[in-house]
Amino acid sequence: MVLISAQGVAKSFGDRVLFSGVSFDVRDGERVGLIGANGAGKTTLMNMFTGAAVPDEGRAYVSRDATLGHMRQHVPGDLTRTLHDEALNVFLPLMRMEEELESIARTIEGGDGGADALINRQHRLHEAYESAGGYTYRSRTRSTLLGLGFSESDLDLPLAALSGGERSRVQLARLLLTDPRMLLLDEPTNHLDIASVEWLEEYLLQFRGAILVISHDRYFLDKVTGRTLELENGRLTARAGNYSFFMRHKEKDVEVRERHRENTLREIKRIEGIIEQQKRWNRERNLRAARSKQKVVDRLREELVPPVQAPDVSRYMFAAGEGSGSDVLIAKGLAKRFGDRTLFRDVSFHIRKGEHVFLLGPNGCGKTTLLKALVHTCFGAYAPDEGYISLGAGVLAGYYDQTQESLLAQNTVLDEVWGAHPHLSQTQVRGALAAFLFRGEDVYKSIALLSGGERARVALVKLMLSKANFLLLDEPTNHLDIASREAFENALAAYDGTLLIVSHDRYLISRLAHRILYFDGRGGIAEHIGDYESYARAREAERAQAGQAQVSAPAKKAPEENAKAHGRETAAEIRRIKARLRAAEADIERAEADIAQTEALLSAPEAAADYVRAMELTERMDAERRRLERLYSEWEEDGLRLAALEAGQQE
């Protein structure tokens, strides 16, 4: 059954056509991802199904059977309202029924006239109230909020006191309480930490209705979607499969289109040569042949597909200046407190030249604070309360702050960047800004008027020009669309310096991590050597082991209840393994592509002439092959485990 459908919809703003001729539908139970560059019109298209946007042409249809739950990208609401009241606001009709019932009761008690009519109205209201869950909605609201990780004391906090991730969880609670049949999710993973995103993934995998989700989180899209729509250059392309599957086939389609275009151009050139030859002979039959051939050329030109337009993304290029020593940063016994609260303590680690280190942990655990404590050594931000930090010889650090607090609101884009690098000429600065999509009059925009994505690009161009050999980056892919994230990843992969990155972007971590530092939940940090996939498996094993240690002897249950519980656990485990297999297949494909790229670099003449570079590439190749072998081994283990579980279900 079709729950929502777009039929030839178009939308323009002034002279700019956002999109046109867009048609698709979402059926009950489908999980659809909607992707595209920032500004492509994804949110506008989604809003057409809620009535928040109206198409200029065509029709956006919503089935009468489709109860919509809409999670917006920018969280609305009265920030003075408490968390609990914001969630309860879903049941505003029930609360109004309560008020009317109380008013009727007072009127009846007062002995005013028309008692029979009031009693009948009261009876009908009671039935409607009970039928709509009026006696349970308050307890359900509380249970849902507690289930999403809020504590009892959190329920009375105003929305203004919550973080972006916590407000997103309140929105999610509102969605769950409405029990929708169709979810419209606009960037649902924004501001969520990895644990919260994984919880959301598990919920969506078990959700029985349909989902249309806008996201730049590729890892998330790969896990929860089975069909992908892309808005690009004003047109919509649809294909079965998750994000990685879509992109693989898109690349093949682009290759086929370009090859077809080249073949057509060659054929046009060949026929035009024949036409010229026929015209030179200048006989009647030759001229007739030339006219006939010209018709063929005209038809081919009409059918000629336009060249594929790649999305306009920033040209990131991070290059270290002079090299640092082997030891880049040493931290010993760091601690930081705010009042009576200890954020972290006894934190020690060592970062060496060329390493890609990621710092992970839940929101509020102190990742940004720790990063700023490290930055203190370089930029005078603020120091830890205990311990010491030592930068190695020749280290030039560059810091990216996710809040862009260092940008001066009164500056223009040009002044902000040029002021940070006054040794450069205006031409050089404008050239760098053009590479980050600030062209022409854009460089005179005020920082105060820029969007979050534009501010991020200003901060990144300043960082790029610094030539730092040690980059400390705090959530650098926030505000970037998928194409920009991939370009950014490629730039960091090619960077010849050292990286320390705070991020919730699992795709970025999977691509770049050599080592992961993570907050252990006790105020300190622990270390994992390897990429994100092996880290996630290790953490899952730790949690399982801890859970087994804490579980006391359970009360005996009836055999049929045990069987049902075991069946639910098996089904959940099968879903988790299938999700891991999908992610592993994408990881294997990326690893094979990385190996092919390294092989190409190694076979280039430049590598043959540079012994040091050849050795570096050889070491990289060995590491990539070891990683591929490990991925294949884990993929096979999961495949065998899945087969065993599915066979057990059938018995």
For Gly333 and Ser348 the tightest heavy-atom approach is N-OG, 2.9 Å
Minimum heavy-atom separation for Leu334 and Pro384, please, with both atom names. CD2-CG, 3.9 Å
Compute whether any side-chain donor of one residue and acceptor of the other, for [X] and [Y], lie under 3.5 angstrom apart.
X: Asp217; Y: Ser215; answer: no
X: Asn469; Y: Ser324; answer: no
X: Thr225; Y: Asn242; answer: no
X: Ser510; Y: Asp531; answer: no
X: Arg218; Y: His216; answer: no

With Leu221, the side chain to side chain contact (heavy atoms under 4.5 Å, CB included) member among Val213, Ile214, Thr228: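 The option that passes is Val213.
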Could you check whether any side-chain N or O of [X] sits under 3.5 Å from a backbone N or O of [Y], counting only pairs where one atom can act as donor and the other as acceptor?
X: Glu355; Y: Arg352; value: yes
X: Thr342; Y: Phe344; value: no
X: His514; Y: His356; value: yes
X: Glu475; Y: His504; value: yes

With a 4.0 Å cut-off on N to O distance, would you call Glu386 and Arg337 a salt bridge? yes
I'd like to know if Lys223 and Glu198 make a salt bridge, using a cut-off of under 4.0 Å between side-chain N and carboxylate O. no
Does Phe436 have Arg315 sitting over its ring (NZ/CZ under 6.0 Å from centre, angle to axis within 45°)? no
Looking at the rings of Phe220 and Tyr507, which for Trp means the six-membered one, are their centres under 6.0 Å apart? no
Are the ring centres of Tyr535 and Phe358 closer than 6.0 Å? no
Before giving the answer on side chain to side chain donor-acceptor pair (under 3.5 Å), spell out for Thr237 and Glu232 the whole-Å C-alpha distance, their side-chain angles and the decisive distance to 0.1 Å. CA-CA 8 Å; Thr237 303; Glu232 187 176 42; over 6 Å; no
